[in-house]
Peer 1: 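I have a structure here, written as structure tokens, and I will follow up with some questions on it.
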Amino acid sequence: MTRRYSFPDGHWDWPVKLTHHHAVRAGDMIFTGGQVDLDAQGNVRNIGDLTAQCRNSMAYMANLFSDLGVDFDDLVRLVVYYVGDANDEGHLQELLSQIIGDTARPVISMINMPELCYPDMLTEIEGVAMRRPDGARIPKQCHRLEDMPYLPDGFSHVVRTEDMVFTSEMSALTPHGTVEAPDNIPAQTAKTMERLMRALSTVDADLHDIVKLNTFYQDDLHGSSWKKAASLRASYFSDPGPAATGIPVSNFAHEGLTTKIAATAICTSATDEPKNFAWPDGHWNWTTPLPYKQGNRCGNVIHIGGQVALDHQAQVLQPGDMVAQTKIAMDNLSKVLAEFGATLDDVVKVTTFYQGSASAEALHENLLIRSNSYTAPGPATTGIPVPALIYEGMMIEIEAIAILD
């Protein structure tokens, strides 16, 4: 499989030298890292202007797609991190729908954060696209469903392209923007999982087909709420379950909302190669029993759940030490990949959530270690600062997608 990496001339850049590229194409799949409104020297542009930053981030994405032989009509997923409120979320959804047009109809996730990795940065947007290497479009099933959170015409609640399935974020938002069962994590978790199952069934998939589950949930940032919500979600899955990443947030844009969940699934038939699951001996674990696995491989695609600096009894290693924990998390990522005969150089997309604020120092402290773990050219990357992670003293969580040749 030919692998292509994109870093066009004049594209925005980090103020430090990295192995990372802005987008990677491996076969049918194209992944971009988080696109932002920086210049080639790493300076934030259009300070205070969310609309301009969004437009420029998407212009950068369009350049990456063009460089790799695809366009917005090949989009299957957008993930948007932004600083703002419910009005900003609605504005961004409508703006993005206008930018990509009404024929792509990807799924979308909108995650508001108190701040992003550099001061004055208001949005970071990543995309996934699919197109055959010979240039042929891949047929898509795109569905908008009743009794689901509102989406502009340019987006879908679920998309299927051959065996791949992507869902928009599921939540307890009504089509009118109100919140069902406000501040009730058990009720909202049940509602969210029911919607997820319904979305999957629309494209002849189910929970068993999920290979990656991404959850954001409201917490007091000391870990007191995660166990209840995690156990409720886990009750819907059999063992072995998907790879998973769960990130606490201090609040969502819509008051009373407590959780959002999005999924990636791969549907296989009885004649296909079965999914393989990984849990290396002595690997870290959670404090409550969960069916999720550290990683899975379906065909040549590997999904790795968020890797952290814990031991097998869920004790935080090197509490509060970003450098030490980043090295441990990257080592854990390597161990899971090795279970599938893969290495870090097979990674095409990596997403990192780290404890910190909007500062270059907080980002670069872990970014340089992560980047130096790869042989150039490195994968596409997204880095998001969060006020806290699941356990006190935990500093970083790293998830990845790898594709084998």
Side-chain angles (χ1 to χ4, degrees), residues 2-26 29-83 92 95-101 104 106 115-131 133 135 345 347-352 358-364 367-368 370-372 374-385:
T2 301
R3 195 171 296 219
R4 295 172 57 191
Y5 296 80
S6 181
F7 201 136
D9 291 341
H11 210 80
W12 73 266
D13 201 354
W14 296 271
V16 291
K17 184 66 174 176
L18 303 175
T19 62
H20 290 297
H21 278 57
H22 285 294
V24 181
R25 178 167 190 167
M29 303 201 71
I30 301 93
F31 300 88
T32 81
Q35 295 304 294
V36 297
D37 193 10
L38 296 184
D39 63 20
Q41 290 72 48
N43 301 305
V44 177
R45 305 187 300 181
N46 296 296
I47 292 173
D49 191 337
L50 178 62
T51 297
Q53 289 195 19
C54 176
R55 288 189 181 279
N56 288 331
S57 297
M58 292 303 291
Y60 278 133
M61 187 181 294
N63 288 340
L64 295 171
F65 281 175
S66 177
D67 189 39
L68 294 175
V70 299
D71 56 39
F72 282 154
D73 276 353
D74 299 303
L75 268 171
V76 293
R77 167 171 282 157
L78 280 179
V79 180
V80 183
Y81 300 96
Y82 71 96
V83 178
L92 283 176
L95 178 60
L96 287 164
S97 180
Q98 295 170 17
I99 291 170
I100 66 173
E115 50 194 347
L116 292 171
C117 57
Y118 294 120
D120 301 312
M121 183 184 292
L122 298 177
T123 190
E124 182 163 353
I125 307 171
E126 62 182 33
V128 181
M130 294 186 68
R131 193 168 183 171
D345 290 336
V347 173
V348 293
K349 175 64 171 67
V350 61
T351 304
T352 302
S359 73
E361 292 76 18
L363 172 63
H364 299 166
L367 178 59
L368 287 166
R370 293 188 282 113
S371 174
N372 290 334
Y374 303 98
T375 303
T381 184
T382 301
I384 303 295

Peer 1: Identify all side-chain donor-acceptor contacts of residues 119-130 below 3.5 Å with residues at least two apart in sequence or on another chain.
Peer 2:
unit_1: Thr123; atom_1: OG1; unit_2: Tyr81; atom_2: O; d: 3.0
unit_1: Glu126; atom_1: OE1; unit_2: Lys349; atom_2: NZ; d: 3.0
unit_1: Glu126; atom_1: OE1; unit_2: Thr382; atom_2: OG1; d: 2.5

Peer 1: Can you say whether the rings of His21 and Tyr5 are parallel (under 30°), tilted (30 to 60°) or perpendicular (over 60°)?
Peer 2: perpendicular
Peer 1: So how far is it from Trp12 CH2 to His22 NE2, rounded to the nearest 0.5 Å?
Peer 2: 4.5 Å
Peer 1: Any sub-3.5 Å donor-acceptor pair from Glu115's side-chain atoms to Val83's backbone N or O?
Peer 2: no
Peer 1: Determine, stepwise, if the pair Val36 / Tyr118 fulfils side chain to side chain contact (heavy atoms under 4.5 Å, CB included).
Peer 2: CA-CA 10 Å; Val36 297; Tyr118 294 120; 6.0 Å; no
Peer 1: Does the Asn43 side chain pair with the main chain of Asp39, one donor and one acceptor, at a distance under 3.5 Å?
Peer 2: no
Peer 1: Look only at the side chain of Thr19 and the backbone of Ser371, and say whether a donor-acceptor pair between them is shorter than 3.5 Å.
Peer 2: yes
Peer 1: In Å, rounded to the nearest 0.5 Å, how long is the span from CG of Asn46 to SG of Cys54?
Peer 2: 11.5 Å
Peer 1: Can you tell me how far apart CG (Leu38) and CG (Asp13) are? Round to the nearest 0.5 Å.
Peer 2: 9.0 Å
Peer 1: Any heavy-atom pair between the side chains of Thr381 and Tyr374 that's under 4.5 Å?
Peer 2: no
Peer 1: Name every donor-acceptor pair, under 3.5 Å, that has one atom in a side chain of residues 63-75 and the other anywhere in the protein, sequence neighbours excluded.
Peer 2:
unit_1: Asp67; atom_1: OD2; unit_2: Ser6; atom_2: OG; d: 2.6
unit_1: Asp71; atom_1: OD1; unit_2: Asp73; atom_2: N; d: 2.9
unit_1: Asp71; atom_1: OD1; unit_2: Arg137; atom_2: NH1; d: 2.8
unit_1: Asp71; atom_1: OD2; unit_2: Arg137; atom_2: NH2; d: 3.0
unit_1: Asp73; atom_1: OD1; unit_2: Thr103; atom_2: OG1; d: 2.5
unit_1: Asp73; atom_1: OD2; unit_2: Thr103; atom_2: OG1; d: 3.4
unit_1: Asp74; atom_1: OD1; unit_2: Arg137; atom_2: NH1; d: 2.9
unit_1: Asp74; atom_1: OD2; unit_2: Asp71; atom_2: N; d: 3.0
unit_1: Asp74; atom_1: OD2; unit_2: Arg131; atom_2: NH1; d: 3.2
unit_1: Asp74; atom_1: OD2; unit_2: Arg137; atom_2: NH1; d: 3.0

Peer 1: Check whether any side-chain heavy atom of Thr2 lies under 4.5 Å from a side-chain heavy atom of Pro133, and answer yes or no.
Peer 2: no
Peer 1: Would you call the rings of His11 and Tyr60 parallel, tilted or perpendicular if under 30° counts as parallel and over 60° as perpendicular?
Peer 2: tilted
Peer 1: To the nearest 0.5 Å, how far apart are CD in Gln53 and CG in Leu92?
Peer 2: 10.0 Å
Peer 1: So, does Thr352 use its side chain to make a donor-acceptor pair with the main chain of Gly383 at under 3.5 Å?
Peer 2: no
Peer 1: Given the side-chain rings of His20 and Phe7, with only the six-membered ring counted for Trp, is the space between their centroids under 6.0 Å?
Peer 2: no
Peer 1: How would you list, by chain and number, every residue that makes a salt bridge (Lys or Arg N to Asp or Glu O under 4.0 Å) with Arg4, sequence neighbours excluded?
Peer 2: none
Peer 1: For the CG atom of Leu50 and the CG atom of Leu95, what is their distance to the nearest 0.5 Å?
Peer 2: 8.0 Å
Peer 1: To the closest 0.5 Å, what do you measure between CE (Met58) and CG (Asn56)?
Peer 2: 11.5 Å
Peer 1: If you compare all heavy atoms of Val24 against all heavy atoms of Gly378, which two are closest, and at what distance to 0.1 Å?
Peer 2: CG2-O, 4.3 Å
